[in-house]
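Data first, discussion second: the structure below is written as structure tokens.
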Protein chains: 2
Amino acid sequence: MPQQESPRDQRERGEGGGLHSRVLAELGPAIASGEHPPGTVLRIDDLESRYGVSRTVVREAVRVLEAMHLVESRRRVGVTVLRTEEWNVFDPAVIRWRLAGADRSRQLKSLTTLRTAVEPVAAGLAADAATPGQCRELTVLAAEMAAAGRAADLDAYLVHDIAFHRVVLEASGNEMFARLGDVVAEVLTGRTEHHVMFTAPDPEAVTLHVRVAEAVRARDAVAAESLMREICVGALRELDILAP
Amino acid sequence: MPQQESPRDQRERGEGGGLHSRVLAELGPAIASGEHPPGTVLRIDDLESRYGVSRTVVREAVRVLEAMHLVESRRRVGVTVLRTEEWNVFDPAVIRWRLAGADRSRQLKSLTTLRTAVEPVAAGLAADAATPGQCRELTVLAAEMAAAGRAADLDAYLVHDIAFHRVVLEASGNEMFARLGDVVAEVLTGRTEHHVMFTAPDPEAVTLHVRVAEAVRARDAVAAESLMREICVGALRELDILAP
DNA sequence: GAACACCCATAGGTACTACTTATTCAAGAT
DNA sequence: ATCTTGAATAAGTAGTACCTATGGGTGTTC
């Protein structure tokens, strides 16, 4: 099955679907990237004419942005861009928009710090809760990462890396952790795009992934946790070197 | 300043503001609590007549629910409730709706597990990054918790407890952690409401809070982290006893 | 002259209607 | 049995008319 894509996935990127998604796909990033700094007041009429759509469409897009706490709409005033502290920074759409924007590296850093907190705990839980199928998946994915690493195939490496972390988070049995799979995917993708200069992945990281898979399989929660922590702090350190 | 309340806060609870927020405040919880189980198809016309509002209003509410990934709207089909794995469980509104609903205790558990992962790391970072003002705040809040504990004043205890954890998360200097302050507030509130039977807070927890404040003040990251971990695992254990 | 109350212009909020378009389901052709 | 085609349907879009809250300006009062 070739990764079938839901109509919603397209819509979120503003490709398919309704007009309001297109407006959202332009306005969202514009705000998230700081193009319209906090305090800016947007007028519905302006947006209407700027995007060449009806008021209905603009209002729906604004409602969504409001739900993400990016803007606040008030009578007699307009649509005000809120301070960044108000934003729902956990919303996958907001994360994507910000990563696409200006201070990408600052974003990557704070997201990687989050990983450092969450993933080790998730790995520890996964050692207790993973199904035999998930254990097998992890082993296979780690092996494929190793293979891709040897072949210096960065694309394949990324795909398996993302899949690996996603399985760990899902195997933890905690829905909150599981939902961070998308976040991790964005971070890893962003990271690879960032230092495209590197020719091959860090062999040490590969080894750590293999050992995490082994630890989960062996039901060794302590080892799984500390190995995953090593992976994450490694990622954090790497980031500090490349983008101070 | 008496905790001034923004018009948006009201709107989110469906009190003030527009009609669409009222629809959202009814429909959101109905979905999040499982009243409309995943797979259910809602028709816009139905909602329109059920809530006695115009189509415009319903559509805006639906757009917001769609942004939270609670539902998916498709032509010729209707508004379909998505599987829970799709939901944006980090959205504060979704968290609140779910905590108000049926399996509150399962929610509390998965949220507390998240705390166990995040808060210790945040405390460690706070030990490095907290401003003198934040250090002072923590000390004061811990003292007030102790006082409220001795007086068996659960309400005051809750307020200071929430404030304490919020300051730690903010002091970490990581915006992702900072935004989890609201989540922690919901969890603590939910927890207190849950075992209202208890007459006084755990004195051991109080001591731990005081020691966290001291560790942060002393810039001892390792101690701050492990003490905060004790607080969180304590909360988790407590929860396991009360709601197995 | 400062504080207060009042009024009006404004910009978002709501409603209603007409029309468009994608999509499903089914009937009929191959 | 499978593919094509078409009609029914329900969401999407547009445009308009009207409602309503509210910020700021005006005028009055002490």
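Letters go in sequence order (proteins before strands), and every chain restarts at 1. Fair warning: this is a prediction, and the values are worked out from it, not measured in the lab.
Nearest to the side-chain atoms of B:Ser73 among the listed nucleotides D:dA14, C:dT14, D:dG12 stands D:dG12. If you check D:dA14, C:dA18, C:dG13 against the side chain of B:Arg55, the one that comes closest is C:dA18.
Looking at A:Asn88, its side chain never comes within 3.5 Å of a backbone N or O of A:Phe90 through a donor-acceptor pair. Between the side chain of A:Asn174 and the backbone N or O of A:Phe177, at least one donor-acceptor pair lies under 3.5 Å.
Between the CD atom of B:Glu60 and the C1' atom of D:dA11 there is a distance of 15 Å, given to the nearest Å. When the P atom of C:dA15 is taken as reference, atom OH of B:Tyr51 falls 15 Å away, rounded to whole Å.
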Tabulate protein N/O versus nucleotide N/O from nucleotides 3-6 of chain D, keeping only pairs under 3.5 Å, one per line.
none

Taking only nitrogen or oxygen atoms into account, show me every contact under 3.5 Å that the protein makes with nucleotides 24-28 of chain C, one pair per line with its distance.
{"from": "C:dT24", "atom 1": "OP1", "to": "B:Arg74", "atom 2": "NH2", "distance (Å)": "2.8"}

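Pairs passing the salt bridge (charged side-chain N to carboxylate O under 4.0 Å, His left out) check and including a residue from residues 30-50 of chain A, sequence neighbours excluded, do not occur. The salt bridge (charged side-chain N to carboxylate O under 4.0 Å, His left out) analysis of residues 170-182 of chain B, with sequence neighbours excluded, yields the pairs A:Arg98-B:Glu175, B:Arg166-B:Asp182, B:Arg179-B:Asp182. Judged as a salt bridge (charged side-chain N to carboxylate O under 4.0 Å, His left out), not a single pair has a partner in residues 130-145 of chain B (not counting sequence neighbours).
Under 4.0 angstrom from either OP1 or OP2 of D:dG12 there lies at least one side-chain N or O belonging to B:Arg59.
Contact check on B:Glu60 versus B:Arg63 returns no salt bridge, with no Lys/Arg side-chain nitrogen under 4.0 Å from an Asp/Glu carboxylate oxygen.
The OG atom of A:Ser73 sits 5.5 Å away from atom CD1 of A:Ile44, with the distance rounded to the nearest 0.5 Å.
The two atoms that bring B:Cys135 and B:Ala130 nearest to each other are SG-CB, 4.0 Å, heavy atoms only. Between B:Ala61 and B:Val23, the closest heavy-atom pair is CB-CG1, 3.8 Å.
Near DNA chain D, meaning a heavy atom under 4.0 Å from it, residues 40-49 of chain A has no residue at all.
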